[in-house]
Enquirer: 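One structure follows; several queries about it will come next.
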Amino acid sequence: EIIYMLTIITWLMSIVFKSTCEGYKSLSPSSSIRGNLISKLHVGVVGGLFKHNFRSDPSFLSLPGSSLDELLLETIEEEIKKTHEKLLRIDEMLDTAERVEDVSRIDKLESRRDKLESLLLKLYEKNVYLLRQQAATAITVPHWTVQLDIQTLFKPKEVPIPVEENAPPYYSEKWLQDTVNSIEGYFHTHDTPQVRVPPMALVRCHRGGKTRALYELSRVLKERLRGDDVAVIYISLNDQSSLINWESLNPIDAICRRIAFAALPRTEEGPDFAKFAEEVEVSSMAIVEWLGASPRILLIDELNKLEGMTDPGNVEMKRLAEFLKTHFLANDKQYFVFSSHVVSSSYQLSEFMDSASRRRVHIRELPLIANLSMAMNAFDYFLMDTKELLHYGCIPALVYESVLEVLNPSGQQYLPNDNRQIAINKCLQEGVTEEKIELLLKSFLDGSPNSVPPALLQLMDTTSDKRVRWIPYNMVPALREFGSHGPRKYSYLLKSICNCFDRFLDGKIASGSAWENLFLMTLLIRCVSHQFDEVLLPLSDDEYKDSSVSFNDKILNTGETVSSYKNVDKFIRAMKVPGHVPHITVYYPKHAQFEVLDVIVAVYSSSGDRTLYGYQLKESRGPVKALNSSKHDWLREKWFKSIYVVRGLAGSKSSSSAGGEVWITPNEKEIDIFFGVSGQQWTPRRWAELDPTTSKKDRPKKV
């Protein structure tokens with residue numbers, strides 16, 4: 001009886017909705033009634049009430065101007081826009097309520113904001129689902145007119161290698177030779193029950209120099225192995241031979257199609273991969289027959305373009321991995337190298353090949369700029385600054401593109417700003433939560449790729465031990481956007497972290513400002529991500545793992561800011577216990593207002609007890625200024641648990657001294673641990689390595 005009643009209800013709802021759609025057909029696109037119908041349609045889809053009825057009755061798909069999916073996408077995108085606007089209005093009302101300390105209204109607004117954020121996340125998820133569904137239904141495999149004739153191809157050993165025209169000399173010849181040596185070693189090895197030959201991966205951010213590196217490796221391998229009749233074959237899933245949507249159905253044929261195209265003699269008209277792919281059927285059997293017993297090295301650019309590469313359950317990718325292993329890896333005189341934006345591609349390829357034996361992948365770290373003068377000579381540009389190199393992660397390709405933008409009078413864009421924004425937008429669409437922000441900041445310290453939203457992995461560098469390293473050019477804009485459009489709790493803190501990095505870039509070397517802001521940025525990252533440090537921020541993980549964090553913000557009895565005080569004694573007496581504990585607050589008085597301390601951290605336990613830590617930041621190894629404890633209550637009465645002298649150029653040994661107060665001076669290793677995988681690349685020690693002169697005036701100028 002229940003089923004019968006539900007059937008009748010569903011039938012009645014179908015009639016009502018069908019008549020509504022019939023009425024819709026007579027409406028103009030601009031009609032206000034049309035908008036109301038779309039809203040009803042949206043409510044029905046989100047609730048899951050009418051989706052099946054629409055799919056089962058073709059008359060519902062005859063809406064004018066667009067298919068049902070297109071109409072749903074239009075509706076959901078409009079709802080996303082409206083929800084964003086509502087959130088902005090609530091933020092404005094929250095600011096007003098906080099200024100007048102209307103606690104009741106704050107609670108109501110925050111509750112409403114949480115519901116809207118939850119709705120927004122669901123809308124984004126449905127939007128992504130429909131876009132993927134729409135793309136899948138649009139796939140049409142071509143009807144090939146010709147089968148590949150392998151007799152029309154070059155012999156494997158004669159396949160030409162790509163050449164990049166008008167390119168500057170490759171930055172590191174030593175890296176090339178060392179990498180080719182490694183490839184040769186693997187090339188002359190084969191799988192055994194004990195040993196699995198690892199493929200090699202070049203992993204770096206988008207436009208980070210991977211393609212150029214594969215070009216150069218192809219060239220050197222061709223030259224070195226010329227006498228051995230080795231087929232050196234370069235293919236790409238990007239640029240002129242970008243992946244076509246229907247190729248995702250069979251990734252083996254996608255790879256083989258590009259191998260055939262690379263071996264195809266060129267005509268005067270030039271290469272046209274799209275035409276070749278549409279007209280010529282290429283099978284893996286034909287390519288295996290063409291290769292025969294030839295020794296071979298395959299170089300694949302942008303393997304991450306195969307969407308299923310990071311999907312453990314993708315059967316087609318499993319077949320591709322087996323194909324590559326069998327014909328380009330497991331036997332003697334076979335090898336392959338691939339590039340990817342993301343390190344996860346290498347993990348999954350290893351799993352696809354040998355899930356039981358865990359065949360490793362050799363992550364070959366691409367070269368970084370090691371010396372400022374070498375970079376200036378290589379790029380023929382002599383107005384660089386050390387921190388400009390750090391801004392671009394010392395990645396030669398990004399630094400070179402930044403030089404091109406400066407020298408190009410037409411204002412042409414060389415740097416990959418658009419790709420960066422696409423990745424950031426994708427994160428925002430998927431939802432930026434407090435947990436995701438904490439994990440992302442954690443990756444700054446420990447380099448874990450698992451802590452990074454997948455869309456952002458392509459904006460990072462990768463180390464040889466499979467850890468990610470932040471590139472400020474990419475990551476600072478990402479944090480700034482997350483501060484503006486992410487959870488309100490971390491909005492001010494993320495903006496403060498970005499401002500610290502901006503001041504780091506603007507600060508003069510040897511002025512102290514750059515070093516102070518770099519330390520402050522890392523300290524804030526550690527506090528927000530709750531990744532405390534054994535030496536410089538020795539807090540209990542268990543007690544403070546859920547602590548709130550503030551920075552120079554609304555925590556003084558007088559209502560004044562930290563910049564209003566010039567005396568540490570008065571400043572500490574003005575502190576008050578925050579309204580919620582446990583809590584960590586970081587104070588940074590600008591313009592060196594305090595006599596000794598540059599940064600103060602106040603930590604409040606769950607019981608409200610306060611612990612103070614002070615930091616004196618010295619870029620060089622100069623002496624610490626002595627103080628008379630009788631003139632300073634904070635020294636005489638030992639208000640601070642620890643006072644640190646943090647040197648940018650730290651020594652190899654740490655030290656501590658007592659005399660009414662305790663001064664702790666961390667050593668170089670402890671400083672590196674505090675700054676983490678990414679931050680330790682930006683410290684004064686790194687500045688000195690990049691440019692021992694540390695001053696522009698000592699370097700030649702050239703226009």
Enquirer: Checking Ile255 against Leu320 for the side chain to side chain contact (heavy atoms under 4.5 Å, CB included) test, could you report, in this order, the C-alpha distance in whole Å, the side-chain angles of both residues, the deciding distance, and whether it holds?
Expert: CA-CA 9 Å; Ile255 295 297; Leu320 172 63; 3.8 Å; yes
Enquirer: Drop me the distance from Cys500's SG to Leu524's CG, to the nearest 0.5 angstrom.
Expert: 5.5 Å
Enquirer: Ring pair (Phe, Tyr, Trp, His ring centres under 6.0 Å) between Phe501 and Trp682: does it pass, once the steps are laid out?
Expert: CA-CA 11 Å; Phe501 189 81; Trp682 308 348; 5.3 Å; yes
Enquirer: May I ask you to decide if Glu247's main-chain N or O and Arg257's side chain share a donor-acceptor pair within less than 3.5 Å?
Expert: no
Enquirer: Between Asn667 and Ser652, is the side-chain hydrogen bond (donor to acceptor under 3.5 Å, both in side chains) condition met? List the steps.
Expert: CA-CA 5 Å; Asn667 61 35; Ser652 59; over 6 Å; no
Enquirer: side-chain hydrogen bond (donor to acceptor under 3.5 Å, both in side chains) for Thr463 and Asp465? Distances and angles first, verdict last.
Expert: CA-CA 5 Å; Thr463 66; Asp465 57 355; 2.3 Å; yes
Enquirer: Which atoms form the tightest heavy-atom contact between Val288 and Phe323, and what is the distance?
Expert: CG2-CE1, 3.9 Å
Enquirer: Which residue pairs pass the salt bridge (Lys or Arg N to Asp or Glu O under 4.0 Å) test with at least one member in residues 212-222, sequence neighbours excluded?
Expert: Glu164-Arg212, Arg212-Glu216, Glu216-Arg219, Arg219-Glu223
Enquirer: Under 3.5 Å, side chain of Ser294 to main-chain N/O of Leu291, donor-acceptor pair present?
Expert: yes
Enquirer: Please determine whether side chain to side chain contact (heavy atoms under 4.5 Å, CB included) holds for the pair Glu388 and Leu505, giving the CA-CA distance in whole Å, both sets of side-chain angles, and the decisive distance to 0.1 Å.
Expert: CA-CA 8 Å; Glu388 290 176 51; Leu505 284 180; over 6 Å; no
Enquirer: Which pair of non-hydrogen atoms, one from Asp461 and one from Ile471, has the smallest distance, and what is that distance?
Expert: N-CD1, 3.7 Å
Enquirer: State whether Tyr234 and Arg258 meet the cation-pi test: NZ (Lys) or CZ (Arg) under 6.0 Å from the six-membered ring centroid, and within 45° of the perpendicular axis.
Expert: no
Enquirer: I want to check something: taking the side chain as every heavy atom from C-beta on, are Phe154 and Leu264 in contact at a cut-off of under 4.5 Å?
Expert: no
Enquirer: Which word best sums up how the rings of Tyr400 and Phe379 line up, parallel for under 30°, tilted for 30 to 60°, or perpendicular for over 60°?
Expert: tilted
Enquirer: Look only at the side chain of Thr179 and the backbone of Trp175, and say whether a donor-acceptor pair between them is shorter than 3.5 Å.
Expert: yes
Enquirer: If you look at every heavy atom in Ser236 and Ser241, which pair is closest and at what distance?
Expert: O-OG, 2.7 Å
Enquirer: Just verifying a value: how many Å separate Leu479 CG and Asn474 CG, rounded to the nearest 0.5 Å?
Expert: 11.0 Å
Enquirer: Take Val159 and Val232, measure what side chain to side chain contact (heavy atoms under 4.5 Å, CB included) needs, and give me the verdict at the end.
Expert: CA-CA 7 Å; Val159 174; Val232 178; over 6 Å; no
Enquirer: Only one of Asn417, Asn425, Asn419, Asp418 passes side chain to side chain donor-acceptor pair (under 3.5 Å) with Gln421; say which it is.
Expert: Asn425
Enquirer: For Trp470, check side chain to side chain donor-acceptor pair (under 3.5 Å) against everything at least two apart and list the hits.
Expert: Ser443
Enquirer: Report the C-alpha separation of Glu619 and Arg647 in whole Å, then their side-chain angles, then the decisive distance to 0.1 Å, and conclude whether the salt bridge (Lys or Arg N to Asp or Glu O under 4.0 Å) test is met.
Expert: CA-CA 5 Å; Glu619 184 177 318; Arg647 300 183 186 276; over 6 Å; no
Enquirer: Filter on salt bridge (Lys or Arg N to Asp or Glu O under 4.0 Å), then keep only pairs touching residues 391-403, sequence neighbours left out; what's left?
Expert: Arg207-Glu401
Enquirer: Which pair of non-hydrogen atoms, one from Pro666 and one from Ile671, has the smallest distance, and what is that distance?
Expert: CB-CD1, 4.0 Å
Enquirer: Does Gln413 have any side chain to side chain donor-acceptor pair (under 3.5 Å) partners at least two apart in sequence or in another chain, and if so, which?
Expert: none
Enquirer: In terms of the angle between their ring planes, are Phe675 and Phe519 parallel, tilted or perpendicular, with boundaries placed at 30° and 60°?
Expert: perpendicular
Enquirer: To the nearest 0.5 Å, what is the distance between OG on Ser339 and CG on Leu299?
Expert: 9.5 Å
Enquirer: Between Glu689 (side chain) and Arg686 (backbone), is there a donor-acceptor pair under 3.5 Å?
Expert: no
Enquirer: Are the side chain of Asp446 and the backbone of Ser448 linked by a donor-acceptor contact shorter than 3.5 Å?
Expert: yes
Enquirer: Are any of the side-chain heavy atoms of Leu237 and Asp301 separated by less than 4.5 Å?
Expert: no
Enquirer: So, applying salt bridge (charged side-chain N to carboxylate O under 4.0 Å, His left out) with Glu365, which one of Arg469, Arg467, Arg204, Lys466 is it?
Expert: Arg469
Enquirer: Less than 4.0 angstrom from a charged side-chain N to a carboxylate O is my criterion; do Glu322 and Arg319 meet it?
Expert: no
Enquirer: Does Cys205 offer a backbone N or O that forms a donor-acceptor pair with the side chain of Lys210 under 3.5 Å?
Expert: yes
Enquirer: Per the salt bridge (Lys or Arg N to Asp or Glu O under 4.0 Å) rule, what does the pair list look like for residues 520-536, sequence neighbours excluded?
Expert: none
Enquirer: Parallel, tilted or perpendicular: which fits the ring planes of Phe273 and Phe261, with parallel below 30° and perpendicular above 60°?
Expert: perpendicular
Enquirer: Going by the ring-ring contact (aromatic ring centres under 6.0 Å, His included) test, which pairs reach into residues 177-212, not counting sequence neighbours?
Expert: Tyr186-Tyr335, Tyr186-His362, His206-His341
Enquirer: From Asp691 CG over to Asp385 CG, what is the distance, rounded to the nearest 0.5 angstrom?
Expert: 8.0 Å
Enquirer: Look only at the side chain of Thr189 and the backbone of Gly185, and say whether a donor-acceptor pair between them is shorter than 3.5 Å.
Expert: yes
Enquirer: Determine the minimum heavy-atom distance between Pro367 and Ser172, stating which atoms define it.
Expert: CB-CB, 3.9 Å
Enquirer: Given Arg480 and Asp502, is the salt bridge (Lys or Arg N to Asp or Glu O under 4.0 Å) satisfied, shown in steps?
Expert: CA-CA 11 Å; Arg480 188 167 278 118; Asp502 290 342; 2.6 Å; yes
Enquirer: Can you tell me if CD on Gln240 sees more than 12 non-hydrogen neighbours from other groups inside 6.0 Å?
Expert: no
Enquirer: What's the separation between atom CG in Leu390 and atom CG in Leu690, rounded to the nearest 0.5 Å?
Expert: 5.5 Å
Enquirer: Does this structure show an ion pair linking Arg685 with Asp672, if we count only N-O contacts that are shorter than 4.0 Å?
Expert: yes
Enquirer: Between Ile161 and Tyr215, is a side chain to side chain contact (heavy atoms under 4.5 Å, CB included) present by the stated rule, with each step listed?
Expert: CA-CA 8 Å; Ile161 58 171; Tyr215 275 27; over 6 Å; no
Enquirer: Check whether any side-chain N or O of Arg364 sits under 3.5 Å from a backbone N or O of Val337 as a donor-acceptor pair, and report yes or no.
Expert: no
Enquirer: To the nearest 0.5 Å, what is the distance between CD1 (Ile233) and CG (Leu221)?
Expert: 12.0 Å
Enquirer: Between the main-chain N or O of Gly676 and the side-chain N or O of Gln680, is there a donor-acceptor pair closer than 3.5 Å?
Expert: yes
Enquirer: Which heavy atom of Leu368 sits nearest a heavy atom of Gly393, and at what distance?
Expert: CD2-O, 3.5 Å
Enquirer: What I'd like to find out is whether the side chain of Val230 reaches to under 4.5 Å of the side chain of Pro156, using heavy atoms alone.
Expert: no
Enquirer: Does Ser451 use its side chain to pair, donor to acceptor, with the backbone of Gly447 at less than 3.5 Å?
Expert: no
